[in-house]
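Here's the structure we're looking at; comments come further down.
Since we're looking at a predicted model, the values are computed, not measured. Just so it is clear, the values below take in all heavy atoms, side chains as well, and ignore hydrogens, waters and symmetry mates.
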Amino acid sequence: MSTKPKQRTAISPTRAEDYPEWYQQVIRGADLAEVSPVRGCMVIKPWGYALWENIQRALDEMFKASGHRNAYFPLFIPLSFLEKEAEHVDGFAKECAVVTHHRLEEGGEGGLVPAGPLEEPLVVRPTSETIIGASFSKWVQSYRDLPLLINQWANVVRWEMRTRLFLRTAEFLWQEGHTAHASDSEASDHTLRMLDIYAKFANEFMAMPVLTGEKTEAERFPGAVRTYCIEAMMQDRKALQAGTSHFLGQNFAKASDIQFLDENGDRTYAWTTSWGVSTRLIGGLIMTHADDDGLMLPPRLAPAHVVIMPITFKAEKPEDVEQYCQSLAEELRQQTYHGRHIEVEIDGRDLRGGEKNWQWVKKGVPIRLEVGPRDMEKDSVFMARRDQSAKEKASVPRAQFVLEIVKLLDEIQQGMFDRALAFRESNTHVIDTKEEFYEFFSKEAEGGFALTHYNADPALEGKIKNDLQVTVRCIPQESNHETGTCAFTGEPSPQRVIWGKSY
């Protein structure tokens, strides 16, 4: 009996064969990043960094449009600063990298050794609430100084033991917003406002549908009063926490002595927030959209929207084909797509056409064009879309392609979001009993999100995490607050929460 031959893919292994290794090979195939000589750290290569720059640019515009200004604060934080907020230091203590000595000097055998110890150890920034609080305490004196809305683009260090490119590394890039307000309600509203900005960015730029909601006590940011998050489902049905926004109450203001004179002349502590996303978003983008042929980029973030590959090996005058491609690229670059000029790559490298084509497939460029002498004669392009099979190509009149490029990119962007949303919805299940819950998350090949009534008992959540490696991802904002009975205790429950395995 004959068997159908296995279809070849550009990435091996496939998602179904070995999802963690597939993820690493997508990064390698797209030339996004590589492991560095420094344990747990990564080198972000030009294509990956261009993607981060586009993420940064879009978010930065959204932050500034909502009144924030950028600043920069020290990489080194005195240990005593972290000790001011007890929950905070406990939450980050095991992840801190600490500088204890200054300078190097020659050792006994010609090597270099640290010189004398520092007067006080310095923690390499794991997050900046405490060091920024020290500045806020000087900048905020009166209610007229509020609200104070600051954002920082920086790197942070968290001494992770098990690392994975983009998802969890010892050093990573991020933004962290920090604000101070005159009232509880104003700070609470701002926390949710920034959560909405993150959700808008994830949905509209990354084409990655996210759920928004509050974290349980067990998952709350150390020292926060409330933590909110955006959660996305990856193609292995695990959850990725893609961004967080924290209402800090007056906890950090008291620790850092951020006080001001209110309108009545009374001295009071400010109410603060903090919020951040990181290069983890690139990991989320990969695991939301990439397939077994490599990366697939949403057009609104892609470093290049179009790649043009001149086909000159049979051309009598290769320079004519190259000139045609250059003029086409210039014509496309005159147009704008969501605030950016259409970005075009021309790949004139002396490589076989098939090899060149597959390299760009793996890099995830939304549209690939091949242009040879016959295409020139017809004044057309041979087009392929990354969101379709690599074998699907069509000849399109040049004028039509140029006229419809923006519409085409929007179609690709929306299609990617719709597919990801359909995947999440088809893998989200309502579960009402403990037995069904344990069965659902015990199946190795399955999983997803479970919507289950729960009475918010931290000890119970800890037991479930130990049993199944499953946690409450969030208490969803979009819930209709349908009351019911906790699936685990039988006690009253105000609404369903979202459970899942996570990164």
*Can you tell me if His178 and Glu176 form a side-chain donor-acceptor pair at under 3.5 Å?*
yes
Taken to the nearest 0.5 Å, the spacing of Asp387 CG from Gln414 CD works out to 12.0 Å
One thing to verify: whether Arg15 and Asp292 come together as a salt bridge, which I'm taking to mean a side-chain N less than 4.0 angstrom from a carboxylate O. yes
dist Leu301:CG -> Gln56:CD (nearest 0.5 Å) comes out at 12.5 Å
Checklist line | Basic-acidic side-chain contact under 4.0 Å: Glu392, Arg385 | finding: no
- Task: Taking atom types as modelled, find out whether Thr336 and His341 have a side-chain donor-acceptor pair closer than 3.5 angstrom.
- Result: no
ask   = When you look at Leu148 and Thr179, which way does the side chain to side chain contact (heavy atoms under 4.5 Å, CB included) test go after all the steps?
value = CA-CA 5 Å; Leu148 180 58; Thr179 68; over 6 Å; no
Practice task
Starting from the C-alpha separation in whole Å, work towards a yes-or-no answer on side chain to side chain contact (heavy atoms under 4.5 Å, CB included) for Phe437 and Thr452.
Solution key: CA-CA 8 Å; Phe437 183 92; Thr452 305; 3.8 Å; yes
>> Does either side chain, that of Asn151 or that of Trp275, offer a donor lying less than 3.5 Å from an acceptor on the other one?
In response: no
Only one of Phe441, Phe449, Tyr454 passes ring-ring contact (aromatic ring centres under 6.0 Å, His included) with Trp499, and that residue is Tyr454
Q) Taking NZ, NE, NH1 and NH2 as the nitrogens, is one of them in Arg419 or Asp291 under 4.0 Å from a carboxylate oxygen of the other? A) no
- Cation-pi check, Lys363 onto Trp360 ring (under 6.0 Å, within 45° of axis): yes
Look at the rings of His181 and His190 and say which category their plane angle falls in: under 30° parallel, 30 to 60° tilted, over 60° perpendicular.
tilted
*Any side-chain donor-acceptor pair under 3.5 Å between Arg300 and Asn54?*
no
Q.
Is the shortest side-chain heavy-atom distance between Leu192 and Gln477 below 4.5 Å?
A. yes
Determine whether the side chains of Arg226 and Ser188 contain a donor N or O and an acceptor N or O closer than 3.5 Å. yes
So, Glu319 versus Gln323: side-chain donor-acceptor pair below 3.5 Å or not?
no
Check for me whether the distance between the ring centres of Tyr23 and Tyr19 falls short of 6.0 Å.
no
All heavy atoms of Tyr228 vs all of Leu195, minimum pair found to be CB-CD2, 3.7 Å
*Polar side chain donor-acceptor pair, Glu461 to Thr216, under 3.5 angstrom*: yes
>> Here's one to test your reading of the geometry: is the NZ or CZ of Lys393 within 45 degrees of the ring axis of Phe382 and under 6.0 Å from its centre?
In response: no
_Please verify the inter-ring angle class for Trp139 with Phe136; under 30° counts as parallel, over 60° as perpendicular, anything in between as tilted._
tilted
Between Arg193 and Thr191, a side-chain donor and acceptor under 3.5 Å: no
Is the closest side-chain donor-acceptor distance between Arg349 and Gln359 under 3.5 Å? yes
Here the gap from Leu421 atom CG to Thr288 atom OG1, rounded to the nearest 0.5 Å, amounts to 11.5 Å
